[in-house]
Amino acid sequence: MTARRIKRSKSWLLLKLGLLLYLVVGLFVLVWLRAKIVNMEYELAELNAEKLALLKEERYLLAERASLYSAKRVEDIATKRLGMDLPDRENIFYVKRTRQAGAYVASMPLSESTRREDLLWR
Amino acid sequence: MRGRGRERIRKLWDEDLTKIQLKKSRKRAVIISTILYFGFLIIVLRLADLMILDHRNLARRAYTQYLTVRTLHPQRGFIWDRRMREMAVNLEVDSLYAVPSKIEDVDYLSQRLSPIIEISADAIRDRLLKKKERDFIWLKRKIDQQTSHKLVKFKKIYGIDSIGLITETRRFYPKGHTASHILGFTDIDDRGLEGIELQYDEYLRGKVRKILNSRDARGRSLSSGFEEAIAGNNIILTIDETIQYIVEREIERAVEKWRAKAATAIMMNPVSGEILAMANTPFYDPNHPSRYPADYRRNRAITDIYEPGSTFKSILASAALEEGLVDVDEEFDVSRGYIVVGGKAIRDVHRHETLTFREVIQKSSNVGAVQIGLRLGKERYYEYMKRFGFGDRTGIDLPGEVRGILRRPERWSGTSIAALSIGQEIGVTPLQILTAYCAIANGGLLMRPYVVSEIISPQGEVIKRFTPQVIRRVISPETAETVRDILKTVVEEGGTGRRAYIKGNLVAGKTGTAQMVDPETGRYSRDRYASSFVGFVPADDPVIALIVVIYEPKGARYGGVVAAPVFRRIVEHTLTYLEVPMERNENHILLVSR
């Protein structure tokens, strides 16, 4: 066998080994990637379940808050438990703020306070 | 010689032995390789069978093992009041299902489940046995949280996998019976059955989504990340929860006080047509609609008709004034106390000598009203009634509205013009009367009443916005102003509606006391009345219009006695809530600068 032939067969062997290594590494990378994806899918499923549980709780809390704020309940507590009473209209003073800065002025023309546009789309 | 010969023999022997061994091993190799070839051939054939011939069937089986189809139930849209307070929301609840084909001991399971889900063991057993071939049946849907926890524990302790829980959504109305007749309710599958839930079901209902979910050998699921159904759109009402509550509270008290059969009240913004409150008593809890009789679930404000009685005189007055047939100070002789039309005598409750046109309305004189009606004539009066919207639906966005009854003039009897002048021989809904009064309040425009102001997507975009809609002009602004002035006198000294007087704000309104028809005799009943009051406040620049109708009160029957005080209380509290100051007391307004 000539030296040239020996050299060529050696490089072939190296090439073959390289290819094999490449295939093996590629295979491992593929398997690793797939495993990573599956793991992420597990994590996503867990997070999703957690999110659903939190959303469920949020909806319950929202419903509870809405129930607690109901006009009937608020009035019942105010009148029965706290001994409060509905105000007499004569005892109500309306405070109207103007945009100008300055000292307090204790007068206001009536028409400005009862503008219908203010009461629409309230 | 001998030694050489032996050596040769040994050599030959060795060669033979090697040959024999080689031959043997070659044979073995052939056998093994043949077995291997055949083995591989079998594997290849099997693979071909699995992968080519039986592929479809096996692929389907594999899919069912590691892929499941999950149905994602959408969230129904929320319903808010005009101040974004939740009126209808969703809760996530569990539903119990069973796989009858998997159950080994039906009796045992039925006995164990019975106390938890509160269904008799026999009923559970029957259901399971009836459908024992099936892979899925519901045992109880939308169970409460406590029962759900008990079931989870039960499954864990006994290791039963033939039953399971699926999460579904359930409609929940956090304000209980408040606005129940407007909101309506849904069925077990979250489909709207009444009220807004039915009217806007298409918008509120979301879209069901089905997704493929993979799972491993242990049954643990893997997620692709996008697992949400398309939620329904949200609705903002024109209703205000607090006003609705005030109205409900007051009519409930009135029904209790007067031992009445039922009551209805509607509050509307006379300028825009927005309904601020619509209440009926008796009422129901939309969270448990099946616990109440159908009668309780009826929205009387738009489905029940009644004879409006004297509240209808304002329509007559508007028509007569618009046609220029009367002057507000023109006098009418009502001294006889009755008037005969078509052979039928129509009487006044109180005797008067002469009354001006204004006083005819203020004191609710039947005799005076009939005289005006006769002057107006059939055709013209009918035309105005139609213009005011009687005999037609108002067009409110709620299901079940009726037209009422208004006969064409050709079908009127000799007494009809007189009867119609005092609000008889006509069937109206409380909403029709209120809408007509709103036209008087706002300067003559008939507005379409509505309860939904906006439809909003789950992302917050406005899909539909409802704005005030003028149906038609029914009277001129001048006539409307004159009628408004007349209606103010009803609540003043000498008027029939004194008890609707509100300190600080002018009220314009009219009382009504109508006899109801006895369903047994088909004639007017002597003891069954519909007492009503309809009006608007502040009279010159109305913010709210309200009608109160009390059906069959006991102990009193006049609208001025039964309904007017209810009107006053509702309006007083509403004006306080809306921060409408007292017009007659300027000292109650402070001006501050900021």
Side-chain angles (χ1 to χ4, degrees), chain A residues 37-38 40-49 51-53 55-57 59-60 62-75 86-116 118-122, chain B residues 75 82-83 85-87 89-92 145 167 169 172 174-176 178 213-214 216 220-225 227 240-242 244-246 248-249 269 271-272 274 453 502-505 538 541-544 572-573 575-576 578-583 585-594:
Chain A
I37 288 167
V38 170
M40 281 180 87
E41 283 181 345
Y42 278 127
E43 260 177 63
L44 264 174
E46 274 169 30
L47 287 170
N48 217 23
K51 185 182 100 180
L52 288 176
L55 276 173
K56 186 177 176 177
E57 202 181 328
R59 281 172 198 133
Y60 268 98
L62 189 81
E64 200 181 330
R65 189 192 66 175
S67 301
L68 291 172
Y69 272 132
S70 79
K72 184 176 165 40
R73 187 178 170 277
V74 171
E75 194 193 62
L86 287 165
D88 189 331
R89 289 193 77 211
E90 280 190 273
N91 296 331
I92 300 170
F93 287 82
Y94 294 93
V95 177
K96 174 108 179 179
R97 282 177 179 169
T98 63
R99 289 185 188 279
Q100 300 109 12
Y104 286 101
V105 183
S107 70
M108 189 185 72
L110 183 69
S111 56
E112 276 185 37
S113 66
T114 52
R115 277 178 55 202
R116 188 168 53 198
D118 293 345
L119 299 160
L120 282 173
W121 305 107
R122 193 180 274 272
Chain B
Q75 291 282 322
R82 65 189 295 122
R83 295 195 185 202
R85 288 174 284 209
E86 295 88 358
M87 303 299 283
V89 295
N90 304 303
L91 293 180
E92 280 184 356
Q145 260 187 315
T167 303
T169 58
F172 179 67
K175 312 294 180 186
T178 304
N213 227 167
S214 34
D216 63 10
R220 286 188 303 171
S221 60
L222 296 114
S223 169
S224 53
E227 295 185 3
D240 186 299
E241 188 217 334
T242 306
Q244 179 72 27
Y245 167 67
I246 293 167
E248 285 183 8
R249 182 189 65 197
N269 181 328
V271 182
S272 63
E274 293 167 291
S453 67
I502 293 164
K503 209 172 179 182
N505 292 97
D541 191 10
V543 174
I544 51 170
E572 271 183 348
H573 290 156
L575 291 179
T576 305
L578 290 178
E579 296 173 7
V580 178
M582 292 167 83
E583 289 169 273
N585 197 345
E586 288 186 31
N587 296 331
H588 284 257
I589 302 161
L590 293 174
L591 182 71
V592 294
S593 300
R594 62 175 173 185

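What's counted below: heavy atoms across the whole structure, side chains too, no hydrogens, waters or symmetry copies. As the structure is a prediction and not an experimental result, all values here were calculated from the model. The sequence lines fix the lettering, A, B, ..., with proteins before strands; numbering per chain opens at 1.
Contacts of B:Q75 with chain A are made by side-chain atoms alone, with heavy-atom separations under 4.5 Å and no backbone atom involved. Both the backbone and the side chain of B:T576 come within contact range of chain A, judged by heavy atoms closer than 4.5 Å. For A:V74, no part lies near chain B; criterion is any non-hydrogen pair under 4.5 Å. Both the backbone and the side chain of B:L575 come within contact range of chain A, judged by heavy atoms closer than 4.5 Å.
Evaluation of the side-chain hydrogen bond (donor to acceptor under 3.5 Å, both in side chains) rule for B:E86 yields A:R65 as partners, not counting sequence neighbours. For A:E43, there are no salt bridge (Lys or Arg N to Asp or Glu O under 4.0 Å) partners at least two apart in sequence or on another chain.
Atom CD of A:E75 sits about 8.0 Å away from atom CD1 of B:I246, to the nearest 0.5 Å. To the nearest 0.5 Å, atoms CD (B:E248) and NZ (A:K72) are separated by 10.0 Å.
Contact of the A:S70 side chain with the B:Y245 side chain is not registered, since no non-hydrogen atoms from C-beta on lie closer than 4.5 Å. No side-chain heavy atom of A:Y69 sits less than 4.5 Å from a side-chain heavy atom of B:E241.
In this structure, B:E572 does not pair ionically with A:R89, as no charged nitrogen and carboxylate oxygen lie closer than 4.0 Å.
In this structure, A:L52 and B:E92 approach most closely via the heavy-atom pair O-OE1, 4.0 Å.
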